[in-house]
**Q** 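Pasting a structure here, questions to come.
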There are 2 protein chains.
Amino acid sequence: MRAGEKAYATLRGDIVDWRLPPGTVLAEVELSARLGVSRTPVREALARLTAEGLAEPQSGRGTVVSGISLDHVEELFELRSALECRAAELAARNRDREVFLELHRQLCDAGRLLTDQDPTRHSYYRLAGELDTAIDAAAGNHYLAQALKSLRVHLVRVRRLSKDNPSRLREAAREHGDIALAIANGNATVASAATTVHLDNSLRHLLQGGATP
Amino acid sequence: MRAGEKAYATLRGDIVDWRLPPGTVLAEVELSARLGVSRTPVREALARLTAEGLAEPQSGRGTVVSGISLDHVEELFELRSALECRAAELAARNRDREVFLELHRQLCDAGRLLTDQDPTRHSYYRLAGELDTAIDAAAGNHYLAQALKSLRVHLVRVRRLSKDNPSRLREAAREHGDIALAIANGNATVASAATTVHLDNSLRHLLQGGATP
DNA sequence: GCTCCCCTCAGTGTATACATAGATGCGAAA
DNA sequence: TTTCGCATCTATGTATACACTGAGGGGAGC
């Protein structure tokens, strides 16, 4: 792997997983020593992180990990809602019916995924991610997919703001199932509405300190 | 101005104004010679352009100006519609009534701006830009504004795909006036609907080879 | 004559040296 | 004692040298 790519991936992971909390100073010389590469690829990585909004230039000198708080979450969800509702509408028009029926079946059955001893909820989040991927693919819009991709980075960070809550995750799985079913049925209006409902529930639980996938 | 900033601004302008058409190879050594800076700031500029989608890595080696065609325009407008409709709704809720009433007045009077001998339609596009800025500010959503900002770069490129059409511009001004009025009235539903109508008209005229601001 | 392999070269990837600007701390003066 | 100014220093901005990879062309073999 290229050194610049490695530096970027490492820093991005560290920021998203809160190993580098907001406000952390990203000094080029220190990072190049820690990551074992020279300053040039580190600079490239910092530029990419800044473009994504994960880092910010600090008063014209230096770079710091960008802050994210519950104040920002409402704005983030407003954008998310706009993008995901539209994606769901487009997906409902162009979808492969069988794909979303299968996702619907799996999501209805997701309760089992949450009863086992998987503390990271890995299998659940993977299924939710598959729904996102399927919607992006069915929507067939490169620009929309790109906008959603850059948005999801921030959403992963936000997820760490609060603890997972099994009962909320089960509700969320059901809501995801509603979305998948509406898309399978080719009903754009219902798909958009189900997405709106899901995001509103997620946001409220998140602001209450509950779980919000 | 910093060399990297200068290189970025120059290349960005050249790409947006079609002086560097899609497919143009952006070679680091050639650019550093042409721009009078070393390869380091050129690399920084190319990285930023790639992140914005104005340039693309070519088969793992080199960078080329990204293509944009009428095939992409529909996708671009789909994303634009999702973002601008939501922005209009938010603006309608939080707006300063007087600001948008004033914009409405100016837009209703925009016919005069188009009758004079301004071939670049500078004064008209400036007014349209003021409406965009006012909506972004009233919406009060940093993430949404950022998404719209990165989208508008591509829209400027698209504008060059077709010639300006005075009669379409006059219609567009009226549509903009409708949007401003709905926002001034605090009616989110109408603001969103007016935006949808405006974008649909713009897209259809663009695809017919007419003007589309 | 065609195809495959090797050599060359061009251009990117990385490292490092040097320039420069902003910040910080210390000292002096009011 | 406090404030202002200067010096120093640290971290970034830029340039350049070197390494390496991938592509393209030419030659040889089948």
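Note that the coordinates shown come from a computational prediction; the quantities given were computed from them, not determined experimentally.
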**Q** Given atom CZ of B/Arg2 and atom C1' of D/dT12, what is their separation to the nearest angstrom?
**A**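 Taking atom C1' of D/dT12 as the reference, CZ of B/Arg2 is at 9 Å.
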
**Q** Which residues, if any, of residues 33-51 of chain A bring a heavy atom under 4.0 Å of DNA chain C?
**A**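 Per residue number, the list reads A/Val37, A/Ser38, A/Arg39, A/Thr40, A/Pro41.
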
**Q** Just the rounded figure in Å: distance from P of C/dG11 to CD of B/Glu28.
**A**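 Rounded to the whole Å, the gap is 11 Å.
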
**Q** A/Arg93: which residues meet the salt bridge (charged side-chain N to carboxylate O under 4.0 Å, His left out) condition with it, sequence neighbours left out?
**A** none

**Q** Let me know the distance between CG of B/Leu31 and P of C/dG11, rounded to the nearest Å.
**A** 12 Å

**Q** Going by the angle between their ring planes, with limits at 30° and 60°, are B/His72 and A/Tyr143 parallel, tilted or perpendicular?
**A** perpendicular

**Q** Rounded to whole Å, how long is the line connecting atom CG of A/Leu26 with atom C1' of D/dT12?
**A** 14 Å

**Q** Which side-chain N or O atoms in residues 44-51 of chain B pair as donor and acceptor under 3.5 Å with protein atoms at least two apart or in another chain?
**A**
unit_1	atom_1	unit_2	atom_2	d
B/Arg48	NH1	B/Glu5	OE1	3.2
B/Thr50	OG1	B/Leu46	O	2.8

**Q** Just the rounded figure in Å: distance from P of D/dT10 to CD of A/Glu30.
**A** 15 Å

**Q** Of all the heavy-atom pairs spanning B/Arg157 and B/Pro22, show the shortest one and how long it is.
**A** NH2-CG, 3.5 Å

**Q** Roughly how far apart are B/Asp17 CG and B/Arg160 CZ, rounded to 0.5 Å?
**A**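 One gets 4.5 Å once the value is rounded to the nearest 0.5 Å.
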
**Q** Could you tell me the separation between the CD atom of B/Gln58 and the C1' atom of C/dA10, rounded to a whole number of Å?
**A**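 After rounding, the reported distance stands at 14 Å.
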
**Q** Can you measure from CZ (B/Arg12) to OG1 (B/Thr10) and round to the nearest 0.5 angstrom?
**A** 12.0 Å

